[in-house]
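Inspection log for the structure reproduced underneath, given as structure tokens.
Chain letters run A, B, ... following the sequence lines, proteins first, then strands; residues in each count from 1. Any value given below was found using the heavy atoms of this structure, including those in side chains, with hydrogens, waters and symmetry copies removed. Predicted model only: the values in this text are computed from it and were never measured.
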Protein chains: 2
Amino acid sequence: MTTASTDETLLRERGLRVTGTRLAVLRALSEHQHATADDVVRAVRADLGSVSVQAVYDCLHALTSSGLLRRMEPAGHPARYERRTGDNHHHVVCRSCGAVADVDCTVGHAPCLTPSASHGFAVDLAEVTFWGLCPDCAEGSAADPVPVSGPGTTF
Amino acid sequence: MTTASTDETLLRERGLRVTGTRLAVLRALSEHQHATADDVVRAVRADLGSVSVQAVYDCLHALTSSGLLRRMEPAGHPARYERRTGDNHHHVVCRSCGAVADVDCTVGHAPCLTPSASHGFAVDLAEVTFWGLCPDCAEGSAADPVPVSGPGTTF
DNA sequence: CACACTTTCTGGAACGATTCCAGTAAAGGT
DNA sequence: ACCTTTACTGGAATCGTTCCAGAAAGTGTG
């Protein structure tokens, strides 16, 4: 999909310098979506040989605030980054292993963007997170009391 | 609203022991909804004189996992606890100060509960978080570059 | 192509929220 | 009242992330 030269263009378009680390971070996230900072560090190290943790965090911040990456932080799990941006999609998170998958907006045009009572808040984004068990963890978990994370377990 | 004796009953109903700390935690959360663990520690100390941080965390866990409290964790902010449970309501979070307010389910009957493609996940809860600026922070922030938190700033 | 200027990268130390630990104290069924 | 279970204390440890100061690399201008 996103080739190296395109990544370079993307960076320049946003006025960001093109560095090996940044390209490697983008490459890592093309390869595995929803990676944690730690995953990215490992991927970049496998790719470039070595990087400091901070260099990766700096990249992730720069890329996130310029809109090339999106950051999501499921309660109780480290933050995850993804390249799919600007399409207002949502996520399913596994309570047991923290796995994340994309979910397209349930009801065509952003159903939840106009909260009934917004208490005077100037709302600019609606974030929807589905909680459950991924196929792997669901299997045989009815019996096992799997350590559960995330908000209220039932509704 | 929830009186002390009712709190005692609530605890017993769930098979939880009735202790001063637990009652004080419930009381604290009746007084200010969406309190952080730290807020609760302070409130309980003001009430009982002294408690260890761990006692409060233990209570919060016990009460949360028995369903008497709901825990929510806005990305980039410490977790907050509330007594309103089981009604599937949502939240508005201020990007600037972290203030939280309740939002009733936008479209009558839980619009987002059936993700279009759930990737085989067994989904049991949909959590909707609205991001924006609270009235206090919105005022005069168009100019100020307020430090922003939470997921992607635009959509 | 070199210069000066900016921005990034390094390594190490610090941070805040939360959890783990082992021991002591309190709750409640019989 | 006794004994088992569960909660509470204080202190140290963990995890993800950020802060810091200095060294190194990127880039627009001359």
State, without any angle test, whether B/R70 and B/T64 hold a side-chain donor-acceptor pair at a distance under 3.5 Å.
no
Quick note, salt bridge (Lys or Arg N to Asp or Glu O under 4.0 Å) partners involving residues 9-19 of chain B, not counting sequence neighbours, are B/E8-B/R12
Residue set satisfying side chain to side chain contact (heavy atoms under 4.5 Å, CB included) with A/V53, at least two apart, ordered chain then number -> A/R45, A/Y57
Taking for B/V53 and for A/A37 the nucleotide of DNA chain D with the nearest heavy atom, the one nearer the 5' end belongs to B/V53
Between A/Q33 and A/R83, is there a donor-acceptor pair closer than 3.5 Å when you use the side chain of the first and the backbone of the second?
-> yes
Intermediate values then yes/no, side chain to side chain contact (heavy atoms under 4.5 Å, CB included), A/L26 and A/L63: CA-CA 9 Å; A/L26 287 172; A/L63 297 173; 4.0 Å; yes
By side chain to side chain contact (heavy atoms under 4.5 Å, CB included), A/A62 pairs with (sequence neighbours left out) A/R22
side-chain hydrogen bond (donor to acceptor under 3.5 Å, both in side chains) filter on A/T36, not counting sequence neighbours, yields A/D39
Quiz item: When all nucleic acid strands are considered with a 4.0 Å heavy-atom cut-off, which category describes B/T21: base, sugar-phosphate, or nothing?
Solution: sugar-phosphate
Overall bend of the helix from C/dC1-D/dG30 to C/dT30-D/dA1 (five pairs an end, 10° steps) is 40°
**Message:** Between B/E73 and A/G76 (side chain of the first, backbone of the second, donor and acceptor by atom type, cut-off under 3.5 Å), is there such a pair?
**Reply:** yes
Counted 5' to 3', the first and last nucleotides of DNA chain C within 4.0 Å (strictly under) of a heavy-atom of chain A are C/dT6 to C/dG12
Sequence neighbours excluded, the answer for side-chain hydrogen bond (donor to acceptor under 3.5 Å, both in side chains) partners of B/D38 is B/R42
Across all chains, not counting sequence neighbours, the side chain to side chain contact (heavy atoms under 4.5 Å, CB included) partners of A/D47 are A/A24, A/R27
Residue set satisfying side-chain hydrogen bond (donor to acceptor under 3.5 Å, both in side chains) with B/E82, at least two apart, ordered chain then number -> B/H34, B/H89, B/H91
In short, salt bridge (Lys or Arg N to Asp or Glu O under 4.0 Å) pairs touching residues 56-67 of chain A with sequence neighbours left out are none
note: A/H61, atom NE2; D/dC19, atom P; distance rounded to Å ~ 9 Å
Whole-Å distance, B/R22 CZ to D/dT6 P, equals 10 Å
Give me, pair by pair, the N or O atoms of the protein and of nucleotides 11-16 of chain D that are less than 3.5 Å apart, along with how far apart they are.
unit_1	atom_1	unit_2	atom_2	d
D/dG11	O6	B/Q54	NE2	2.8

Quick tally for nucleotides 22-30 of chain D: nucleotides whose base has a protein heavy atom under 4.0 Å get B, sugar-phosphate-only ones S, the rest -, giving ----BS---
What one should report as the nearest heavy-atom pair of B/C134 and B/C97 is SG-SG, 3.7 Å
